Amino acid sequence: MTSRTSRDVLRRGLSVLGRAIREQPRIFAVAVSGSVLFGGLVIASAYVVGAVVGDVVVPAIARGSVGVAALALAAGALFGISVLRVVGIFGRRLGAGYMQFRLQAAYRRQVTRRYLDLPLSWHQRNATGTLLSNANSDVEAAWYPIAPLPFAVGTVVMLVGAIASLFVTDWALALVGLAVFPALFALNVVYSRRMAPRQARAQRLRAEVSGIAHESFDGALVVKTMGREAQETARFAARAGELRDALISVGRLRGVFDPMLETLPSLGTLAVLVVGAFRLRQGAISVTDLVSVAFLFTVLAFPVRAIGWVLAELPRSVAGWDRVRRVLDATGEMPYGDVTLDPADPTPATLAFADVGFAYEPAEAHLPGAEVLGEVTFTVPAGKTVALVGPTGSGKSTIAALAVRLVDPHTGTVSLDGVDVRRLTAASLAGTAALVAQVPFVFDDTVRANIALDRPGVTDDDVWAALRLAEADGFVAALPEGLDTMVGERGTSLSGGQRQRLTLARALAGRPRLLVLDDATSAVDPRVEAAILAGLRAPAAGGPAASILVVAYRRATIALADEVIYLEQGRVVARGLHAELLATVSGYADLVTAYEQAEADGEQPRPYDEVAPLTSGLEVEVDR
């Protein structure tokens, strides 16, 4: 079983290396050319050293004097070979490094691009730490053997040349080479087989350690407020200990095999001296031949190890490539269409849901998905505001995600201006609809960069206009450097309400024709929220010419809507004006009253939807 596994690792590892060569053939050719040049000169240097000893040094000792011309010629030959070897080393290392780093950069881009193409349902089934590991350490591991690969290929050429030169020199010495070189290769193969499972386990544990660390850091607030520091530390320490033990196992194996790989060429040199002395006494070879062959075995010890380096890294390469390939081969992406809505259209967009059903994919493929929405039908007319109201888990955030096509419905259609959103281009959809989530995400950048996002045509005037509409211009103007103020990772220098207003301004700066607010002002003071919503509904006063779909909890917010959609268990159970629903739908009245009472008591009445795909579990603090 182990033998079959090792052969499989070797086969797949060579396949990965073959892919690298096919993708970077010119750079690989440069690197191998440098390696072959180096290998050829290693063989040449052995025979030059032999000639110097046999034809210059030994006669000089016999005469008791050194010929200056002969010594100068020998020095010149050795110097010339050394210079050319430096050229070979430079070409080999430069080509190998360039090839390795190009492949790593290319596949990091491919993995990241794939992450952006895959739907949220796929991301929900994969831990963030694992995804970070895929794009970083797994990509590095996949192409790690590229660094010694050209050296190893050049070494194979060099070994063939060395054995051929040994046969030309003396058959007995050639037999010694035939015994030593295959033994070295066989030892490297055994080393690779023993290393394969250890490297695979270490690579898997690297991702798990990264995942635990990311989860602990991302949930730092929960960890600290729940007093879970010791437990999280112990959880991380246990997995880090497993990684430590796995890496120690790798190091222990290297500690066993490295001395053997070092010793075998030295034993070969000793065998050459013994056999060579016997052959010298028989007159079959000269001193020059003996010195050349002995020196050749000495200088071959290091290059031959390059083959071992490649074989030893193949298991890690295969493990990394499998994890990278899992991302690149993942299915479920949402291809965009080719329909474009008029970007110059100044009128609000019309959003329509028609018999929409949706269920989240299960974590395990054999399990049924959890239905979130069923036969949801409603319209947000152009220029109108529609509020979504419902208890936790009723599907409000899922509707918000469907409206901007973060996910696709399983049944029914979602359309903008009568066009199925699946038929729109990515640019047209992004330019038409904008989502502001309840949990704001702020980049570790300036206020200006967070709002403009390098979008063409978004000037500082547009940024300030969006900030005013989001009631954020006052606190931004008071910041030490205004728009140039760095807000820190995830906006840590700002309050929760300030972060929400920045993300709202970010959406408004793009002048969307449909604005989707997933309880986007939940952390804002009610008076500020009222001013924001009043501005959004008043285009003549500077507000956007946009239709608005808002997930709402506060009575004041709901009351501003032209229509209220009341949801229960993923279905529309009532619709109408707030006052009408309050008087006729008991579940609606109880829910709104409960929210009001919780707000009055100073509680947080809006727990995140447990199925919402838009939040990351970060805290929301009320901006007072």
Side-chain angles (χ1 to χ4, degrees), residues 112 115-116 120 123 128-129 131-132 214-224 397 400-401 404 406 430 433-455 458-460 462-512 515-525 528-529 531-533 535-536 544 550-551 604 606 608 612-624:
T112 303
Y115 285 162
L116 297 176
L120 286 176
H123 286 273
T128 303
L131 302 185
L132 291 173
H214 182 274
E215 187 176 55
S216 296
F217 300 154
D218 212 30
L221 179 69
V222 175
V223 171
K224 295 189 73 65
S397 289
V404 294
L406 291 180
L435 168 72
V436 186
Q438 180 184 21
V439 179
F441 181 85
V442 181
F443 295 97
D444 185 9
D445 209 329
T446 63
V447 172
R448 177 188 289 105
N450 267 286
I451 296 175
L453 293 181
D454 290 329
R455 287 174 287 189
V458 179
T459 65
D460 278 4
D462 296 324
V463 170
W464 280 114
L467 287 170
R468 282 192 295 272
L469 197 55
E471 295 289 324
D473 57 322
F475 82 79
V476 170
L479 293 175
E481 298 178 62
L483 293 179
D484 294 315
T485 302
M486 297 292 295
V487 298
E489 184 178 6
R490 294 183 180 270
T492 53
S493 64
L494 306 174
S495 71
Q498 289 172 336
R499 291 196 294 269
Q500 280 195 333
R501 282 180 278 172
L502 278 191
T503 55
L504 176 58
R506 175 194 296 158
L508 294 172
R511 299 176 181 175
L515 189 61
V516 181
L517 306 177
D518 185 7
D519 196 25
T521 53
S522 59
V524 175
D525 183 281
V528 176
E529 180 188 40
I532 292 173
L533 294 174
L536 293 178
V550 55
V551 175
Q604 174 64 28
R606 297 168 302 277
Y608 306 140
L614 307 176
T615 62
S616 60
L618 297 176
E619 77 280 6
V620 173
E621 57 185 275
V622 177
D623 182 37
R624 299 293 184 186

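Numbers for residues simply follow the sequence, beginning at 1. Computed from a predicted model, the values in this text were never measured in an experiment. Just the heavy atoms: all of them, side chains too, but no hydrogens, waters or symmetry mates, feed the values below.
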**Request:** Quick one: do L517 and L504 satisfy side-chain contact (heavy atoms from CB on, under 4.5 Å)? Show the steps, please.
**Result:** CA-CA 9 Å; L517 306 177; L504 176 58; 3.8 Å; yes
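- Among all heavy-atom pairs drawn from R455 and R506, the shortest one is NH2-O, 2.7 Å.
- Between V404 and A434, the closest heavy-atom pair is CG1-C, 4.2 Å.
- Nearest heavy-atom pair across V436 and A507 is CG2-CB, 3.5 Å.
- Distance check, rounded to the nearest 0.5 Å: CG of N450 to CZ of R499 gives 11.5 Å.
- A distance of 7.5 Å separates CD of Q498 from CG of L502, quoted to the nearest 0.5 Å.
- Note on residues 474-487: pairs passing side-chain hydrogen bond (donor to acceptor under 3.5 Å, both in side chains), not counting sequence neighbours, are R448-D484.
- Contacts of A449 classified as side-chain contact (heavy atoms from CB on, under 4.5 Å), with partners at least two apart in sequence or in another chain: D445, T446.
- To the nearest 0.5 angstrom, I451 atom CD1 is 9.5 Å from L508 atom CG.
- Checked against salt bridge (charged side-chain N to carboxylate O under 4.0 Å, His left out), D444 has no partners two or more places apart in sequence or in another chain.
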Show me the donor-acceptor pairs, under 3.5 Å and distance only, between side chains in residues 462-478 and residues at least two apart or in other chains.
| residue | atom | partner | partner atom | Å |
| --- | --- | --- | --- | --- |
| D462 | OD1 | R511 | NH2 | 2.8 |
| D462 | OD2 | T459 | N | 3.0 |
| D462 | OD2 | T459 | OG1 | 3.1 |

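- For the pair G482 and V447, the tightest heavy-atom approach, listed with the atom from each and the gap, is O-CG2, 4.0 Å.
- Using a distance-only test at 3.5 Å, with no hydrogens or angles considered, no donor-acceptor pair links the side chain of D518 to the main chain of V551.
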